[in-house]
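Below is one structure, written out as structure tokens; comments come after it.
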Amino acid sequence: MNKRDYYEVLGVSKDASEDEIKSAFRKLAKKYHPDVCKEEGGAEKFKEAQEAYAVLSDKDQRAKYDRYGHAAFNNPGANGGRGGYDFSGFDFSSIFDDLFGGGGSDFSSFGFGDAFSGFSRGGRSRARRGNDLVYTMKIDFMEAALGAKKDITIDVTEDCPECHGEGGFDKETCPDCGGSGTIRERTNTILGAIMTQSTCRSCGGSGYIYKKTCSNCKGKGKIKSRKTYSIEVPKGINTGEQIRMSGKGEAGSNGGPNGDLYIEFNVSSHPLFKRDDTDLYMEVPVTLTDLVLGSSKEIKTIDSVIELKIPSGSQSGDVLRVRGKGMPSVHTGKPGDLYITLKLVLPNKLTKTQKELFNELAKTELDDADAFKVFNKLNK
């Protein structure tokens, strides 16, 4: 029987990357794995996909295949006398651990011989890293601008201090699995006998049990604990940005490291300042005389008070730029700029003297173009 092209088997192109090849194999393995696939011919398709992946995921073997095709592996003594590629030493465990969660099967009864000898999964539980935690911290605008120190209190899962995360005392070998952490069972199916391998329920795959259960954690090895941490709020932090506290997340399992704690910030708005990254924007009310004659105004920025000079002849809506008075960058500390929009505010009532002055002004001749500009600005 002619073998199908390995790239065709996995459904990838000949220039596929390692990640694309691995992803394609994972999909096929999940579909045709003998533990889950009941359709006729599924076992052979599974074997075919595994052989293709073993070749194409190996840089040297793939180069041989690309050059010579299946002839590169036409060794009559290979693969138990059947010829073809011998992948008996290939390690598929990491992929199938992800797909099937650490259970396992022995496929020798399908007639694959030693080709799957290194494939069985399960066994003693591996060290696993603890889960990461995310805490959302609400801070006000000025705390984000100037930085702050705040305390948070969270509930985390940590190793039991009584049994040091073991779950019990007086450790001994599990009598059900003999310390292997797995149980092998023989099941008869229409395809023949299948030897299945699963995690031992008595010891949870650890290979040992305890004579005495820890009363503090009730054998779980983990307890809930309330922790308080002091958080330094970085200057310039923005909504959605995070800082990481290494090792402050959930406790790991079987000796694995703790996860991390991520502080995600939610910054409130400000009544005066509008933010765009490190630049700030604000409006300043001005009078007609401020615009016509020019003036100086004291403006409070996020960290100081400045004197803003309004040039004579300014128009309502003009924007003045003040360098270095914006929000500091959370990465470099360098501040952005502050942009100030002049907004004309007209009085609701005029005194007698003010009316007389405006009447006198109305008698003077203004340049038509200037008057048109003022009219448009005032009517926006």
Straight-line distance of [X] [atom1] to [Y] [atom2], nearest 0.5 Å:
| X | Y | atom1 | atom2 | answer |
| --- | --- | --- | --- | --- |
| Y208 | C200 | OH | SG | 12.5 Å |
| Y339 | R321 | OH | CZ | 4.0 Å |
| S268 | K138 | OG | NZ | 10.0 Å |
| L133 | T157 | CG | OG1 | 8.0 Å |
| C203 | R201 | SG | CZ | 12.5 Å |
| L342 | L320 | CG | CG | 4.5 Å |

Starting from [Y], can I reach [X] by hopping between I/L/V/M/F/W/Y residues whose side chains sit under 4.5 Å apart?
| X | Y | value |
| --- | --- | --- |
| I243 | I154 | yes |
| I340 | L291 | yes |
| V233 | I152 | yes |
| L272 | V267 | no |
| M142 | I237 | no |

Looking at every heavy atom in both [X] and [Y], which two are closest together, and how far apart are they?
| X | Y | value |
| --- | --- | --- |
| Y7 | R62 | OH-NE, 2.9 Å |
| K222 | A251 | CE-CB, 3.7 Å |
| M327 | A145 | SD-CA, 3.3 Å |
| V284 | I299 | CG2-CD1, 3.8 Å |
| G167 | C163 | N-SG, 3.0 Å |
| I223 | C217 | CG2-CB, 3.8 Å |

K325 and D337 ion-paired at < 4.0 Å: no
Strictly below 4.0 Å, N to O, side chains only: are K300 and E298 in salt-bridge contact? no
Indicate yes or no: at least one non-hydrogen side-chain atom of [X] is less than 4.5 angstrom from one of [Y].
| X | Y | result |
| --- | --- | --- |
| V12 | S23 | no |
| E158 | K227 | yes |
| S202 | I183 | no |
| F46 | K31 | no |
| I209 | E172 | yes |
| N238 | V330 | no |
| C214 | F169 | yes |
| I310 | V286 | yes |

Between [X] and [Y], a side-chain donor and acceptor under 3.5 Å:
| X | Y | value |
| --- | --- | --- |
| T353 | T351 | no |
| E44 | Y32 | no |
| D66 | Y6 | no |
| D19 | S17 | no |

I'd like to know whether H164 forms a side chain to side chain contact (heavy atoms under 4.5 Å, CB included) with D159, so could you lay out the CA-CA distance, the side-chain angles of the two residues, the decisive distance to 0.1 Å, and finally the verdict. CA-CA 6 Å; H164 306 291; D159 286 337; over 6 Å; no
K224, NZ: over 12 other non-hydrogen atoms inside 6.0 angstrom: yes
Heavy-atom count check: over 12 atoms from other residues, nucleotides or ligands less than 6.0 Å from E264 CD? yes
Side-chain ([X]) to main-chain ([Y]) donor-acceptor, under 3.5 angstrom:
| X | Y | answer |
| --- | --- | --- |
| D140 | E143 | yes |
| D277 | D279 | no |
| D260 | G247 | yes |
| E250 | G259 | no |
| D318 | Q315 | yes |

Between T153 and D151, is the side chain to side chain donor-acceptor pair (under 3.5 Å) condition met? List the steps. CA-CA 7 Å; T153 300; D151 291 339; over 6 Å; no
Could you check S57 against K22 for side chain to side chain contact (heavy atoms under 4.5 Å, CB included), going step by step and ending with a plain yes or no? CA-CA 7 Å; S57 63; K22 184 175 182 179; over 6 Å; no
Determine whether D5 and Y65 satisfy the following criterion, side chain to side chain donor-acceptor pair (under 3.5 Å), listing intermediate values before the conclusion. CA-CA 10 Å; D5 179 80; Y65 179 74; 2.9 Å; yes
Go through it in stages, so that I can follow the logic: the residues are R26 and Y53, the test is side chain to side chain contact (heavy atoms under 4.5 Å, CB included), and I'd like the CA-CA distance, side-chain angles, deciding distance and then a yes or no. CA-CA 10 Å; R26 283 170 60 91; Y53 175 69; over 6 Å; no
Show the numbers, then the answer: is there a side chain to side chain contact (heavy atoms under 4.5 Å, CB included) between H270 and I302? CA-CA 11 Å; H270 193 275; I302 59 173; over 6 Å; no
